[in-house]
Protein chains: 2
Amino acid sequence: MADDSRPGTRERILDSSAELFRRQGYNGTGVKQIVAAASAPFGSVYHFFPGGKEQLGAEVIRTSGAMYIELFAHIALQADDPLSAIADFFDGAAATLTETDFADACPIATVALEVASTSETLRLATAEVFDSWIDAAGAYLQAAGVAPGRSRALAVSMLSLLEGAFIFCRAGRTTEPLEHARRSAVALIGAELPARP
Amino acid sequence: MADDSRPGTRERILDSSAELFRRQGYNGTGVKQIVAAASAPFGSVYHFFPGGKEQLGAEVIRTSGAMYIELFAHIALQADDPLSAIADFFDGAAATLTETDFADACPIATVALEVASTSETLRLATAEVFDSWIDAAGAYLQAAGVAPGRSRALAVSMLSLLEGAFIFCRAGRTTEPLEHARRSAVALIGAELPARP
DNA sequence: GTCTATATCTCGATAGAC
DNA sequence: GTCTATCGAGATATAGAC
């Protein structure tokens with residue numbers, strides 16, 4: 001009888017790849033390192049991903065992107081109001097950074113910058129994910145009361161603050177930039193929210 | 001008689017490396033590619049940089065970082081006021097992005113994310129550069145009238161907006177995020193500047 | 001100092017036994 | 001589907017002729 005509690009080989013490869021790409025980037029991670037981390041045979045990568053490393057990368061980008069939206073949704077559900085939800089998300093990101101010794105920030109930013117000018121397939125995958133984030137954040141802000149014509153611009157600015165702060169945090173091994181970014185994001189969005197009762 | 005107008009081998013290696021690291025990252029750029037772009041013999045890299053690729057990387061990070069500060073200083077000198085200087089810098093970054101087919105954004109961000117958890121030597125170089133940027137931007141904002149206790153936080157937020165927008169611009173091949181980030185940066189800083197006559 | 005040839009290693013990918 | 005052996009190409013780095 002099979003051990004259904006243990007993820008299948010394909011899923012383990014996906015999970016290990018996501019973690020390694022997030023921390024070391026795409027070019028800095030070898031297929032051999034991936035299969036070692038996943039405790040999978042080398043050939044399985046090419047069995048499950050006939051397109052090789054690039055196909056694996058594209059799939060990791062998309063699944064990681066979807067998971068990150070769900071993480072925000074999860075935090076937003078528990079918050080009292082939209083501004084607190086945003087602050088909580090920034091705080092959660094800072095906590096993750098500290099817990100992982102500043103390894104885990106954005107799941108796809110490193111890869112996005114690496115492939116932007118070198119792999120059209122992977123660039124498109126990152127573009128789609130970022131678009132989905134901006135759409136989701138924009139819809140969330142609009143539901144919170146931001147004017148429809150301003151929601152997308154604010155979503156982009158909020159996510160830019162997050163992504164930019166991630167770079168400084170990882171380089172300097174400090175969560176201070178994320179705290180400044182959080183405060184600015186809240187100020188920026190708070191200024192375009194209808195006054196609360 | 002030597003041709004003094006042509007940069008020396010060492011400088012050509014540094015310049016080519018800076019351009020390639022900026023566009024493809026550190027791991028995505030090979031030493032062979034660098035010497036080919038610099039029209040330099042392979043051995044020269046190890047002659048001028050005995051520490052190999054890592055020493056070359058560290059030097060590129062520091063010189064690129066210093067040049068980027070000078071670029072901002074140059075733009076700031078020509079602007080009428082601080083808020084225009086900031087807007088001009090964002091606009092210039094967008095123009096560079098368009099001119100280079102979305103290849104040239106931040107000179108060190110890709111490398112910074114790649115090496116943050118894999119090379120302490122290079123991570124420290126990126127941290128020093130980012131610190132110098134934050135210090136310079138903070139001093140500039142303070143001179144413009146921002147309260148001393150707020151200048152660093154605003155500098156970090158402004159640079160985060162820039163860096164984050166760069167990621168989205170390169171991934172999506174559009175300068176739209178940079179325009180939203182510019183507007184947000186101006187709003188954020190304008191709100192903490194003393195009213196103008 | 002310049003340049004080439006090469007050593008050594010690791011990469012992504014494939015073939016084929018089981 | 002699992003796993004190993006191996007391929008050819010590319011990587012970084014070094015040795016040594018000029």
Side-chain angles (χ1 to χ4, degrees), chain A residues 1-21 23-61 110-111 114-115 117-122 125, chain B residues 1-4 6-21 23-61 110-111 114-115 118-122 125:
Chain A
M1 118 189 168
D3 181 359
D4 287 352
S5 69
R6 190 192 189 215
T9 302
R10 191 190 143 92
E11 197 180 334
R12 292 203 316 280
I13 290 173
L14 236 24
D15 288 347
S16 296
S17 301
E19 184 176 312
L20 290 166
F21 288 161
R23 300 183 174 194
Q24 314 180 337
Y26 181 78
N27 292 319
T29 302
V31 176
K32 287 183 177 150
Q33 194 182 3
I34 290 171
V35 296
S39 301
F42 187 80
S44 292
V45 168
Y46 296 89
H47 172 72
F48 291 111
F49 308 92
K53 192 187 181 186
E54 197 171 42
Q55 183 191 340
L56 172 58
E59 212 151 320
V60 166
I61 289 165
T110 309
V111 177
E114 284 181 285
V115 305
S117 303
T118 55
S119 164
E120 192 62 4
T121 302
L122 295 180
Chain B
M1 131 184 164
D3 180 359
D4 286 352
R6 190 192 189 213
T9 303
R10 190 188 143 92
E11 197 180 333
R12 292 205 314 281
I13 290 173
L14 236 22
D15 288 347
S16 296
S17 302
E19 183 176 313
L20 290 166
F21 287 161
R23 300 182 173 195
Q24 312 179 337
Y26 180 78
N27 293 318
T29 303
V31 177
K32 285 181 179 159
Q33 195 182 2
I34 291 170
V35 296
S39 300
F42 187 80
S44 293
V45 168
Y46 296 89
H47 173 71
F48 291 111
F49 307 92
K53 190 186 180 185
E54 196 170 42
Q55 184 191 339
L56 172 58
E59 213 151 319
V60 166
I61 289 164
T110 310
V111 177
E114 283 181 286
V115 304
T118 55
S119 164
E120 192 61 5
T121 302
L122 295 180

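The basis for the numbers below is simple: all heavy atoms, side chains too, and nothing from hydrogens, waters or symmetry mates. So you know, we letter chains A, B, ... as the sequences are listed, proteins then strands, and number each from 1. All of these numbers come straight from a predicted model, not from anything done at the bench.
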Any donor-acceptor pair under 3.5 Å linking the side-chain atoms of E114(A) with those of T110(B)?
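Per modelled atom types, T110(B) and E114(A) side chains form no pair under 3.5 Å.
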
Say whether T29(B) and Q24(B), considering side chains only, have a donor N or O and an acceptor N or O under 3.5 Å apart.
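Q24(B) and T29(B) do have a side-chain donor-acceptor pair below 3.5 Å.
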
Using a heavy-atom cut-off of 4.0 Å to chain A, what are the terminal contacting nucleotides of DNA chain C, in 5' to 3' order?
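Going 5' to 3' along DNA chain C, contacts run dC11(C) to dT14(C).
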
Under the criterion side chain to side chain contact (heavy atoms under 4.5 Å, CB included), I'd like the reasoning laid out for L14(B) against F49(B): C-alpha separation, chi angles, the key distance, then a yes or no.
CA-CA 10 Å; L14(B) 236 22; F49(B) 307 92; 3.7 Å; yes

For F42(B) and V31(B), which heavy atoms make the closest approach, and how far apart are they?
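In terms of heavy atoms, the two residues are closest at CE1-CG1, 3.7 Å.
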
Atom [atom1] of [X] and atom [atom2] of [N]: how far apart are they, to the nearest Å?
X      : N       : atom1 : atom2 : answer
K53(B) : dA13(D) : NZ    : P     : 8 Å
I13(B) : dA13(D) : CD1   : C1'   : 14 Å
K32(A) : dA9(D)  : NZ    : C1'   : 12 Å
Q24(B) : dA11(D) : CD    : P     : 11 Å
F42(B) : dA15(D) : CZ    : C1'   : 13 Å
E54(B) : dA11(D) : CD    : P     : 18 Å
F49(B) : dT12(D) : CZ    : C1'   : 16 Å

Option from S39(A), P7(A), S44(A) for which side-chain contact (heavy atoms from CB on, under 4.5 Å) with I13(A) holds:
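Only one option passes, and that is S44(A).
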
Any cation-pi pair here, K53(A) with Y46(A), using under 6.0 Å and within 45°?
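So K53(A) doesn't make the cation-pi contact.
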
Assuming nearest nucleotide by heavy-atom distance, tell me which of G43(A) and H47(A) is located more 5' along DNA chain D.
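Per heavy-atom nearest nucleotide, the more 5' residue is H47(A).
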
Is any side-chain nitrogen or oxygen of Y46(B) closer than 4.0 Å to OP1 or OP2 of dT14(D)?
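The answer is no; no side-chain N or O of Y46(B) sits under 4.0 Å from OP1 or OP2.
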
